[in-house]
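Keep in mind it's a predicted model, so treat the numbers as computed, not measured. Letters A, B, ... mirror the listed sequences (proteins, then strands); counts begin at 1.
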Amino acid sequence: MDLPKAYDPSAVEEKWYRVWRERGYFGADEKRPGRTFSMVIPPPNITGSLHMGHALNNTIQDVLCRYHRMLGDVTLWIPGTDHAGIATQNVVERQLAAEGTDRRALGREKFVERVWSWRKESGSTITRQLARLGVSCDWTRERFTMDEGLSRAVREVFVTLFEEGLVYRDRYLINWCPRCRTALSDLEVEHEEIDGKLYHLRYRFAEGAGEIVVATTRPETLLGDTAVAVHPDDERYRDAIGREVILPALGRRIPVIGDSGVSREFGTGAVKVTPAHDPNDFEMGRRHGLPMISVMDEEARMTSEAGPYAGLDRYECRARLVADLEAQGLVARIEPHRLSVGQCYRCRTVVEPFLSVQWFVRAKPLAEPAIAAVREGRTRFVPEHWEKVYFGWMENIRDWCISRQLWWGHQIPAWYCLECDRDHVRGDSAENLIVTEHARPIVSREDPTECPRCGAKRLVRDGDVLDTWFSSALWPFSTMGWPDRTETLARFYPTSVLVTGFDIIFFWVARMMMMGLHFMRDVPFRDVYVHALVRDEQGQKMSKSKGNVIDPLEVLDRFGTDALRFTLAALSAMGRDVKLSVDRVEGYRNFANKIWNAARFLLLNLEGTPLESGGPLPAPEEPLTLADRWVLHRLAICAAEVRGAIDGDRFNEAASALYRFLWSEYCDWYLELAKISLADPERQAATRRVLAGVMERFLRLLHPFMPFITEELWQALPGRSESPSIMIAPYPEPDERWLAENEAAARMESLIDVIRAIRNVRADLNLPHARELALLVYGESVDADGVRAHEAYVKRLAGVADIEYRSDGDRPRGAASERVGTLELVIPLGGILDDPAAEIRRNEKQLEKIVKELRGISQKLANEQFLERAPAEVIDKERAKEAEIAGRKHALERNLDRLRQL
RNA sequence: AGGCACGUAGCUCAGUGGGAGAGCGCUUCCUUGACACGGAAGAGGUCGGCGGUUCAAUCCCGCCCGUGCCUACCA
């Protein structure tokens, strides 16, 4: 078979992905006995397009998946997508806006239809892009958080939690996005520090003289103030408590109350209390039974409660109000102040605390088992320190607001009776419904046709939908067919590992833990592998606004899937951010090309010889060259390292072991040495076997990281094995016997040192390779025997024409000298060396280094405490080193003397 | 405010209680029959600073400086 000179990914990737998929290799056979390995994909949003975070996340998952499949585990990886409530609704709303209309004009039903058709057209973009990464997930099991089965699971969970009292409805101060016009959970609010102002405002006493100055960052909320609070023990305000002040602008009388939650140090020690617009004040309002006045509506415009300011936007109101107060002399002063504002995580609009009736999940009872499960090690975080983050959040968890005032999502299965609950319900459809917190919702698995209390047929359904993350929380079991008791669940739940980014530990991981434990009575995953963010090469978060985004699709086009995957694996040191640069990908593209050409060399040299590259590797008893033995030893080490690294989730170590073996060992040394034995008829056959057998093992070891090139080359190898695809071939085990061949390895390495030393001389003295050198080897030892036995290696790789051995005696006068182990290598330079000064300089430089090194070691060995307390082997090692360096020093000095006499 | 990471070669990053590493970049040489997406050789680092533990610290501990992130209702 003729391979092109360079690897061309585009000619290979699509072809093999189709073959794998068509042959069903991605599927898991539930009936097959044996160990299982299972994962569920973190479902990307249907609005999404592949970014580097996805690429990293899915590369790691696919490495694990392919590895376990090759280990023989029954391997299941379920893919799917998330309906992404707000994000998707926003996309379609933007489309409508472009058409000059909006969702209200369309109506709920038509709007939801419209979203479905959008999803049909565009929702699979992300899965097609994932496929380009080569992910081996079982597409026949692909799920969507809004599909029928998952919707059933969502409903079952909601109803059950309601029945258990873990879901409830209440009027509460929640986070509200005035642009999306929906409630948000605490997690969906992102805090950002900004430069704001602190306004000091005068509130005059209603009776008598005097005033209290309060400090606020949000003067417009003053319109909703129902008290002023001070610390009860604050001497300054002792007499104020119980009196009333006049609310500026509106003239309302409000009480001064004492509350120990007020800090005496901050500002003036007095605080305005606005229960309907501030979380602190809300709590204080509840404690003191204060009225709660909403002065802003759901679009953050001032309500009629705001008096003269009604109808103004919140910021406009602020400006007008402050101006008015200044005119009245009620502004004591305004100072700059850093404060953090909450923004909607989907649209960046500043979020407003908003008093409204919402649905909540009571989190504490669900969190406790989830905390215990991690404490007991039933679920393990990798790296471990994420446990702390998880505990920190879980232990201080607050109830989860799950209702969203959107149309795209799982509509809450709750109905209100317009008859027996008519005092609490206004409106007659989901769109115009206003229901107080006192209404009694009818929550049901089946859509009710009449009120279970009064039998009335006039029911109206709650218009809210559930937080997207509510359905994501069920993902590990809902995708496996729950609430039915399926074989899939029995076989694959809990999943083996969840691979995810730390940014969604709270959003997703924590909630899956809670729901999984509650409904499945078991953790959803054994391990959570938390990888970091992909950043740019300066460590900046990639973002469109910064313009530093590296588009994975472009990278795939330029360098191929395997190169990107290998790069991500190589850079993903556990728990560290991945700082990606295109140069790096290019480097690993070159690696792919190196493999390609090594295989090309191999195929050119097999010349149709019948050979089983997948057959057993030669055994140590067989007659083999030193190079053969060495490479087989190194292969075994590589296999052991790679397996250990993947088992320990150290993907970067696996990648570097593979890289080093193939490039620095197989190509740089073994291939070059094999060229010698291929020319020797007696050795040719064995060399071919080793050459091909090692390559075949290497391809299998590499396959989880670089699936495409490994399949393409593996298929090109002759007679490799029974398996029709490398994907389902067994993962190589380190061969114990070759692992133990340390002696051959040491001899080879000593030869490598000899060759390097000669090359070194050649390079330093600028002697072209064509210029053949003579070599004198001084010293009697196994090292000398090694050179004697492998002269061909040294001659070929170092360009030496002639080798002589001397036990000792005079060295030639003009020569270069190198000390390697116990040997002194002398290269006579008479007639070649134009300028002895160059060689003198070279030697002097080396000598300088050596002298320094020797001084350090001698000092150490002179230290009594070191000799007393250090372990014997360390001392022995230091002694050996001292002797070796002393030998080198001596040889160098002698050589320098000779050179200087020239 | 609290917490968690991180500071190692020009750049981006691995790593380890006893010999400082990789990729890219740089310098010199090589169009040698797998590969110039290549080969050979090399330069370059007080492993952020200061203390401590230890026979021995880049690694463990403390403090400081710098950077990044997360959490938090302090107006």
Side-chain angles (χ1 to χ4, degrees), chain A residues 3 5-7 173 191 198-199 214-218 221 229 261-263 265-274 278-284 337 339-340 353 383 385-386 388-389 392-393 396 502-503 505-506 532-533 535-541 559 563 567 570-571 573 575-584 586-605 652-653 656 659-660 664 667-668 671-672 675 756 759-764 766-770 797-799 853 857 860 863-871 873-875 877-878 881:
Chain A
L3 296 181
K5 220 170 152 178
Y7 173 55
L173 196 70
H191 296 273
L198 190 61
Y199 300 82
V214 301
T216 179
T217 54
R218 300 204 55 199
T221 63
V262 178
S263 155
E265 289 75 39
F266 189 89
T268 59
V271 60
K272 57 193 268 322
V273 184
T274 321
D278 181 277
N280 262 328
D281 297 2
F282 178 75
E283 294 301 331
M284 206 184 290
H337 184 69
L339 72 153
S340 83
H385 74 258
W386 290 110
K388 271 187 259 174
V389 176
W393 189 72
N396 299 300
F502 63 80
D503 49 330
I505 289 183
F506 306 145
L533 249 48
R535 298 169 184 279
D536 74 3
E537 51 197 314
Q538 271 87 45
Q540 299 280 312
K541 207 166 171 172
F559 301 113
T567 307
L571 294 183
R576 291 282 213 115
D577 284 343
V578 174
K579 291 181 192 159
L580 187 71
S581 75
V582 173
D583 286 349
R584 211 62 200 244
E586 187 176 359
Y588 290 118
R589 186 275 313 264
N590 296 350
F591 177 52
N593 196 54
K594 188 76 181 176
I595 301 166
W596 184 261
N597 277 289
R600 217 170 131 242
F601 169 82
L602 183 103
L603 293 171
L604 290 171
N605 283 283
N652 59 323
E653 287 181 23
S656 83
Y659 188 95
R660 186 171 3 101
S664 311
C667 290
D668 286 354
L671 282 191
E672 296 306 320
K675 285 173 186 172
R756 284 211 165 114
R759 284 173 171 176
N760 197 324
V761 171
R762 193 187 273 288
D764 282 350
N766 243 325
L767 306 173
H769 190 81
L797 268 59
E853 218 177 324
I857 293 177
K860 206 183 228 182
N863 185 338
E864 279 176 38
Q865 285 185 311
F866 171 73
L867 296 173
E868 245 171 70
R869 307 210 184 174
E873 70 224 47
V874 172
I875 297 173
K877 229 161 113 185
E878 294 292 331
K881 200 157 71 180

Per-nucleotide pairing state of RNA chain B [Watson-Crick or G-U, under 3.5 Å; [ ] pseudoknot-crossing; | other strand]
(((((((..((((....[..)))).(((((.......))))).....(((((..]....))))))))))))....
Centroid-centroid under 6.0 Å between Phe559(A) and Tyr588(A) rings
no
Spacing of the C1' atoms in A41(B) and G49(B) (rounded, Å):
37 Å
Between C1' of G2(B) and CH2 of Trp393(A), the distance in whole Å:
19 Å
Looking for any heavy atom pair under 4.0 Å, which part of the strands does Leu671(A) touch: base, sugar-phosphate only, or nothing?
base
With Tyr199(A), which residues qualify under ring-ring contact (aromatic ring centres under 6.0 Å, His included), at least two apart?
none
Nucleotide G3(B), atom C1' - distance to CZ of Phe506(A) in whole Å
11 Å
Using the C1' atom as the reference point in each nucleotide, state the distance between A22(B) and C61(B) in Å, no decimals.
30 Å
Residues that Glu672(A) engages under salt bridge (Lys or Arg N to Asp or Glu O under 4.0 Å), provided they are two or more places apart
Lys675(A)
For Tyr588(A), which contact category applies under a 4.0 Å heavy-atom criterion: base, sugar-phosphate, or nothing?
nothing
Taking only the P atom of each, what is the distance from G62(B) to G23(B) in whole angstrom?
35 Å
Which one, C74(B), C24(B), A75(B), comes nearest to the side chain of Thr217(A)?
A75(B)
What distance, rounded to whole Å, do you find between the two C1' atoms, one in U27(B) and one in C65(B)?
36 Å
Distance, rounded to the nearest Å, where Leu867(A) contributes CG and A56(B) contributes P
13 Å
Testing U12(B), C35(B), C70(B) for proximity to the side chain of Glu672(A), the answer is C35(B)
Protein and nucleotides 16-18 of chain B: nitrogen or oxygen contacts under 3.5 angstrom:
{"residue": "G18(B)", "atom": "O2'", "partner": "Glu878(A)", "partner atom": "OE2", "Å": "3.3"}

List in chain and number order the residues that pass side chain to side chain donor-acceptor pair (under 3.5 Å) with Asn597(A), two or more places apart in sequence or in another chain; answer none if no residue qualifies.
Arg600(A)
Minimum-distance nucleotide (side-chain atoms of Phe601(A) versus C74(B), C4(B), A34(B)):
A34(B)
In whole angstroms, how far is the P atom of G2(B) from the NZ atom of Lys388(A)?
17 Å
Quick one: list whatever passes salt bridge (Lys or Arg N to Asp or Glu O under 4.0 Å) with Lys860(A), sequence neighbours left out.
Glu878(A)
By side chain to side chain donor-acceptor pair (under 3.5 Å) - contacts of Glu586(A) (at least two apart):
none
Name the pairs: protein N/O against N/O of nucleotides 36-41 of chain B, kept only if under 3.5 Å.
{"residue": "C37(B)", "atom": "O4'", "partner": "Asn590(A)", "partner atom": "OD1", "Å": "3.0"}
{"residue": "C37(B)", "atom": "O2'", "partner": "Asn593(A)", "partner atom": "ND2", "Å": "3.1"}
{"residue": "C37(B)", "atom": "O2", "partner": "Arg589(A)", "partner atom": "NE", "Å": "3.0"}
{"residue": "G38(B)", "atom": "OP1", "partner": "Asn590(A)", "partner atom": "ND2", "Å": "3.2"}
{"residue": "G38(B)", "atom": "O3'", "partner": "Lys594(A)", "partner atom": "NZ", "Å": "3.0"}
{"residue": "G39(B)", "atom": "OP1", "partner": "Lys594(A)", "partner atom": "NZ", "Å": "2.9"}
{"residue": "G39(B)", "atom": "OP1", "partner": "Trp663(A)", "partner atom": "NE1", "Å": "2.4"}

Hey, does Ser656(A) reach any base, or is it just sugar-phosphate, or nothing, if we go heavy atoms under 4.0 Å?
nothing
Do the side chains of Thr217(A) and Leu198(A) get nearer than 4.5 Å, heavy atoms only?
yes
Residues two or more places apart in sequence or in another chain: which of them pass salt bridge (Lys or Arg N to Asp or Glu O under 4.0 Å) with Asp764(A)?
Arg842(A)
Measure the spacing between OH of Tyr659(A) and CD1 of Ile595(A) and express it to the nearest 0.5 Å.
9.5 Å
Taking atom P in both G38(B) and U32(B), compute the distance separating them and give it to the nearest angstrom.
16 Å
Atom C1', compared across G2(B) and A43(B): separation rounded to whole Å:
47 Å
Could you tell me how far apart Phe502(A) (CZ) and A5(B) (P) are, to the nearest whole angstrom?
13 Å
Euclidean distance for P, U46(B) against A5(B) (whole angstrom)
28 Å
So if I take every side-chain heavy atom of Asn280(A) and compare against C74(B), A34(B), A75(B), which nucleotide ends up nearest?
C74(B)
Just to verify, what does Asp668(A) make a side chain to side chain contact (heavy atoms under 4.5 Å, CB included) with, not counting sequence neighbours?
Trp663(A), Ser664(A)
Note: Asn652(A) and Ala570(A) closest approach over all heavy atoms is CB-O, 3.2 Å
Asp278(A) has an atom CG; how far is it from atom P of C74(B), in whole Å?
10 Å
Taken in chain and number order and not counting sequence neighbours, the residues that satisfy side chain to side chain donor-acceptor pair (under 3.5 Å) with Thr274(A) are Asp225(A), Lys272(A)
Ignoring hydrogens, what is the shortest heavy-atom contact between Val262(A) and Ala229(A)? Give both atom names and the distance.
CG2-CB, 3.8 Å
Give the rounded distance in Å between these two atoms: NE2 of His191(A) and P of G2(B).
18 Å
Taking the side chain of Arg584(A) as its heavy atoms from C-beta onward, which of C70(B), A72(B), U12(B) lies nearest to it?
U12(B)
Quick one: list whatever passes ring-ring contact (aromatic ring centres under 6.0 Å, His included) with His337(A), sequence neighbours left out.
Phe266(A)
Picking from A34(B), C24(B), C73(B), the nucleotide nearest the side-chain atoms of Lys675(A) would be A34(B)
Length of the line joining Asp583(A):CG and C26(B):C1', which is rounded to integer Å:
14 Å
For atom P, what is the distance between A1(B) and C64(B), given to the nearest Å?
13 Å
